[in-house]
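The next block holds one structure in the form of structure tokens; read it before the comments.
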Amino acid sequence: MKNLGKSASLAVLAMGLATSAMAVEPFSRLSSFPIYDNLPKGEEKTTETVAEIVASAMNGTLLVYTDSELEAIGKVDIFDPANPKAAGVIKVGGEPTSVSVKGNYAYVGVNTSKSYVKPSGHLVVVDLKSSKVIAKCDVAGQPDSVALSPNGKYLAIAIENERDEDLNEGVIPQTPAGHLASFTLDDKGMLSNCDAVSITDLTGLADIAPSDPEPEFVSINGLNQAVVTLQENNHIVVVDLETAKVVNHYSAGTSSLTGVDSTKDKSISLTESLQDLKREPDAVSWIDDNRFVTANEGDYEGGSRGFTVFSKTGAVLFDSGSQTERLAVSMGHYPEKRSHKKGTEPEGVTVGTFGEDNLVFVGLERANLIGVYHDVKTESGLNNRFDFVQGLPSGGVGPEGIVTIPSRGLVVIANEKDKAKDGFRSNITIYKQGSEGAQLPQIVSVDGPNGVPIGWGALSGLAANATDPSILYAVNDSFYSTADIFTLDVSASPARIVSSRRITKNGKPVENLDLEGITVAPDGSFWVASEGKPEKRESKILHVLPTGQVAKELSLPVELESQMKKHGLEGITLSGDTLYIAVQRAWKDDPKGYAKIISHNLKTGSWGVNAYRLDTPESPAGGWVGLSEITSLGNGDLAIVERDNKGGPDAAIKRIYRVSVRHTATAELGAKEVPVLKKTLIRDVLADLRQSNGWTPDKLEGLTVASDGAVYAVTDNDGVDDSTGETLFLNLGPINQVLANQ
């Protein structure tokens, strides 16, 4: 599998089964720490706070992260990495941009700029034991990245003096120019003389805006050489820190991609090509004294959606091509809304040696993924092959900082984005090599007939094959422009999406569907429910042939459709000759706290309704409770998924209830009295969701019982739009055991 960009094996790769990766022990997720838990006493829980760059301290038992919102660095105790604990914050007098740690001291780049034309900042030295700032050194500009040499002798700071993107449409050059600042530390690893700063001029080097270098990231090798990325300039500079002189520099060059999606159209289609993309690298990390790896995010007019390994002489030794894009598609993490820009947007990169394995970790900011790659030692002795090991869901939104702690087998990810109102928070996620934690991902797609992974996301309903216990079916909701029925093979772990069929009518994809439920008829055809939305989309129930062709289309009677509010049809199941459809929340004619279960007899064509009493919200953050799935248990019993709209620590209600339609009459449409279904709790799924050791998803959306009695559930990842992008796929065990727990 030398050329993964053209390989037809990405689903295998996503499962961590690449040939060379067999020798590399995979990582599992141990824990997640929400940054708001570290807010100072008295601060509201909803206060915006972020973790951007993260470093380790105290022999890997303490994490130190930058929080630009609080103008502080935060500390997290990971003596027990499975149970991280808040250890407080330290104010640094401005916006911290980066942090490195040596011994008991944290070295923090702090931006104090009042404007783009007058950038300013300093390096702050923090004593981590006393939690006090003990020194502040001027660095003659706005600092970005901070790095320490492996021997602890040198400290380097990339002074970006970033451009104003609103000035002249962001075109460079824009003065003042950036530079590299460096210090020599004493034998105790302490910066004892703030005045002894060395300034390395980086002007006149790049072909693009040579008068305005904008250093983005810096890393130092064992020879005390700093590699500096000039992102907007698409240039790379190597500086000898002993002399503070440039010893080499060259363009980061371009990369061309095939089999990518470059069109924002609410559809994942890896059929396009992009030519001569400027790499514009962001993060950089030395692999050894002669090679380094860059994350090619792009920022100005480039970005190649991957990572590149360079020699310090400027040779390109490896380029990932479209690997990271395809990885994200296979894992359901592809950010389709970013297709027309920079796709997965690799931003962070770091290297760690675990046992005998040198591993590269690449952070995909928009996909909320970390790709893990093995630096393979070949028979020729050249280390210019990087084989995929696994994809790690970042556990949050916007992974920025990555730090490895090989002595403890740990990888730590800092997720920057924090939006309490949108239901996700900045957090730190901890993975450990081995099987101690949660094994992820839980579902991936294989390659389709065109040789690229099947695009998927926003799974919103599940159904089972009537005779084959290894086969399930799922549908996607309206996040995507087309409606698909996916075939899942659950015989292996992770589960695999092995095929998809598009729902069509007269040979064309059916438009304006919002599929929320699916059920299988005895003849192998499907019934699917499309959620309506007042003045935008009519509620529909479609009978779909195994080919994907619509055979019949049902609209709700006007007595029902006219009562619809914002939240509509959420699940569908077939019991005998009757379809049962769950409505998410109360409609106009429902009593407060109740939702409808609609029934439709396929033989007689009659419609009916029952009432379902919703649980009262229990989350400390408030919110609402509604239905998201319905499935037949046989003999007139139905299982219903009831959930709140809260995620993370605020999640409270993710439950499966059983109701019987045998013992409760169904009311005709327009009846004054609507019988209420008696419900019995059969499973609280919250504990199952939390076993992933990450951010608990709010949308438990799909539930079904396989032909062998195994119960499966799936979450909706919202198409990686303001969400972690994770899809949890749960095997809850045999139905008889699930029912025995009621």
Side-chain angles (χ1 to χ4, degrees), residues 10 14 50-53 165 216-217 231 255 257 259-270 272 274 277-283 294-308 320-350 361-372 391-402 413-419 422-427 429 441 445 453 455-458 479-480 694-695 697 717-727:
L10 266 178
V50 304
E52 188 172 4
I53 302 300
E165 296 184 26
E216 188 74 28
F217 216 93
Q231 187 171 13
S255 180
L257 307 178
V260 294
D261 188 346
S262 61
T263 303
K264 178 183 175 181
D265 57 3
K266 297 186 69 177
S267 177
I268 299 173
S269 179
L270 300 181
E272 297 173 286
L274 295 168
L277 300 171
K278 295 182 180 70
R279 292 191 171 98
E280 292 190 0
D282 187 333
T294 62
N296 304 325
E297 177 199 22
D299 186 49
Y300 181 44
E301 53 182 23
S304 64
R305 307 187 181 207
F307 66 95
T308 304
S320 65
S322 58
Q323 286 184 35
T324 58
E325 299 286 288
R326 298 186 182 200
L327 169 64
V329 171
S330 178
M331 289 181 62
H333 276 250
Y334 183 72
E336 208 292 315
K337 285 189 173 181
R338 301 292 297 180
S339 291
H340 63 306
K341 294 189 175 179
K342 293 169 284 186
T344 55
E345 208 163 308
E347 182 174 16
V349 68
T350 195
F361 300 83
V362 183
L364 309 179
E365 181 186 14
R366 299 291 179 172
N368 305 330
L369 276 179
I370 307 297
V372 186
L392 305 177
S394 72
V397 178
E400 179 86 11
I402 313 168
I413 305 159
N415 294 285
E416 179 184 12
K417 302 298 182 184
D418 187 83
K419 290 186 180 180
D422 291 335
F424 64 86
R425 305 303 303 269
S426 175
N427 67 348
T429 305
S445 71
W456 66 280
F479 181 85
Y480 299 101
W695 186 262
N717 75 346
D718 283 328
V720 206
D721 183 32
D722 280 346
S723 76
T724 68
E726 285 190 46
T727 298

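Since the structure is predicted, the reported quantities are computational estimates derived from the model, not experimental observations.
In terms of heavy-atom proximity, Ala367 sits nearest to Ala328 at CB-CB, 4.0 Å. When every heavy atom of Thr324 is checked against every heavy atom of Pro346, the shortest pair comes out as OG1-CG, 4.3 Å. The heavy-atom pair separating Ser723 from Asn717 by the smallest distance is OG-O, 2.6 Å. Considering all non-hydrogen atoms of both residues, Val720 and Tyr334 come closest at CG2-O, 3.8 Å. Closest heavy-atom contact between Tyr480 and Trp456: OH-O, 3.7 Å. Between Pro453 and Leu270, the shortest heavy-atom distance links the atoms CD-CD1, 4.1 Å.
The closest side-chain heavy-atom distance from Lys342 to Arg366 is not below 4.5 Å. Between Ile402 and Ile370 there is a side-chain heavy-atom pair separated by less than 4.5 Å. Side-chain contact between Leu392 and Leu369: absent, with no pair of heavy atoms (C-beta onward) separated by less than 4.5 Å. A 4.5 Å side-chain heavy-atom check between Pro281 and Phe217 finds every atom pair outside the cut-off.
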side-chain hydrogen bond (donor to acceptor under 3.5 Å, both in side chains) between Ser322 and Glu325, intermediate numbers included: CA-CA 5 Å; Ser322 58; Glu325 299 286 288; over 6 Å; no
Pair Lys278-Glu301, salt bridge (Lys or Arg N to Asp or Glu O under 4.0 Å): steps then yes or no: CA-CA 7 Å; Lys278 295 182 180 70; Glu301 53 182 23; 3.4 Å; yes
Test side-chain hydrogen bond (donor to acceptor under 3.5 Å, both in side chains) applied to Arg279 and Thr294, step by step: CA-CA 9 Å; Arg279 292 191 171 98; Thr294 62; over 6 Å; no
Verdict with supporting geometry, Glu345 and Arg305, salt bridge (Lys or Arg N to Asp or Glu O under 4.0 Å): CA-CA 5 Å; Glu345 208 163 308; Arg305 307 187 181 207; over 6 Å; no
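How far OG of Ser304 is from CG of Asn296: 3.5 Å, rounded to the nearest 0.5 Å. Between Lys341 atom NZ and Lys264 atom NZ the span is 7.0 Å, to the nearest 0.5 Å. Taking OG of Ser262 as the start and NE2 of His340 as the end, the distance is 10.5 Å to the nearest 0.5 Å.
Put simply, the residue from Asn368, Thr724, Thr429, Asn415 that forms a side chain to side chain donor-acceptor pair (under 3.5 Å) with Ser394 is Asn415.
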